[in-house]
Amino acid sequence: MARNGVVSWRRMSEKLDLSPPLISEEAHVLAVDDSLVDRKVIERLLKISSCKVTAVDSGRRALQFLGLDEEKSSTVGFDGLKVDLIITDYCMPGMTGYELLKKIKESSTFKEIPVVIMSSENVLARIDRCLEEGAEDFIVKPVKLADVKRLKDYMTTARDVGVEESGGGMNKRKLREPCDLMMPTSPPSILPSSPSSSLSSPSKSPSPPMSSSFSAPSSPTSLDSPIRRFKMTNAD
Amino acid sequence: MDAVAQWRNQWFDYTQYLRREGFLDDQFAQLKKLQDENSPDFVVEVVSLFFQDSEKLFNNMAGALEQNVVNFKQVDAYVHQFKGSSAWIGAFRLKNVCINFRNFCEAQNLEGCLRCLQQLQQESSALKNKLENLFRLEQQIVAAGGSIPMME
């Protein structure tokens, strides 16, 4: 049932290129974390934000779910649900979140799926590396509801444009630009910051305190937000 | 003052106390936000999972520290894991012990590590008691027909 719904919705979105996005179905998020406690909370955070969730405990399993670990490659996971976002822990035994990110971005089928990295450690070099590799965002744990609300923007974007419309592989953010033209009222989080470097992510513009209301981006530099997101609790 | 009001007052006092003494920080309130009628036992479930998980981690840490040649990196990895989990429930004091613990790991100071492990176990035990008290209070409020106040 879900499979049919997804296919027909996407076809419709291709024809009606000026219609606002009608998200009648829930976004599907693949959550990856080796810690049981983390998985439980993240799953709840996502469900309470109206997402369908598949939670796995390793990068390996994530790839298996996507069908990347085996010969057969499909655009849907095993149970036929399209994945709209992948959120993964950075520090995991075996395959790190960074390695998982790379594998996803290397895949022609899945590179368009937004990937968000989580980490309990806010290391600038780590954040930079992930963003450079194509991560949409980097969230410092513990993840809050406000963080998840922000994530929903990426999912909306990806679904509007559709997986087929992959601009080049180089700048993942090219994906957002056609969306800006399509959406009559684009939330500021998707406003193109194309004049900036390719590392810029429009989603990082809004300041955290106003995460629930979309006001104009306050900071010109895209790298501000990851730094703002540093939780300066008891000097880690 | 009726029973519900009394229990609720106690609840406020107790949560204030827990915050003041550093047993819990803001993150606990964040966790409570995720509890609703669809998931009415969410906080209790997460907390239980956390304590179960910590038992395993404490055993792992103890085991690693008992080795003839201690692998401090491994110990540090366990502490890092524990610290991450404790952050989800807002276990402020535990988090702080972890920071010290990791410093001792880096300095390869066995005695310091052992002390920290003991501290972690003691603090964990104390927190578990406090949380059990809190949950019991909440159960009483609900049983008396009241609703659990929002945490600020």
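Just so we're on the same page: letters track the sequence lines, and every chain starts at 1.
- Within 6.0 Å of CZ in R126(A) there are more than 12 heavy atoms belonging to other residues, nucleotides or ligands.
- Contact count against chain A (heavy-atom pairs under 4.5 Å) is highest for D36(B) among D36(B), N38(B), L31(B), D25(B).
- Interface with chain B: from residues 38-48 of chain A, residues D38(A), K40(A), V41(A), I42(A), R44(A), L45(A), I48(A) qualify, criterion being any non-hydrogen pair under 4.5 Å.
- Within a 6.0 Å sphere centred on NZ of K103(A), heavy atoms belonging to other residues, nucleotides or ligands number 12 at most.
- Here K33(B) contributes atom NZ and K144(A) contributes atom NZ; the two are 8.5 Å apart, rounded to the nearest 0.5 Å.
- Atom NZ of K128(B) has 12 or fewer heavy atoms from other residues, nucleotides or ligands within 6.0 Å.
- Heavy atoms only, all atoms of each residue included: W88(B) and V37(A) are closest at CD1-CG1, 4.1 Å.
- Of all heavy-atom pairs between P142(A) and A87(B), the closest is CG-O, 3.7 Å.
- The environment of CD in E21(B) is crowded: more than 12 heavy-atom neighbours from other residues, nucleotides or ligands sit within 6.0 Å.
- Listed options Q81(B), Q35(B), E45(B), Q52(B) were ranked by heavy-atom pairs under 4.5 angstrom with chain A; first place goes to E45(B).
- Within 6.0 Å of CZ in R129(A) there are more than 12 heavy atoms belonging to other residues, nucleotides or ligands.
- The NE2 atom of H80(B) lies 4.0 Å from the SG atom of C91(A); values are rounded to the nearest 0.5 Å.
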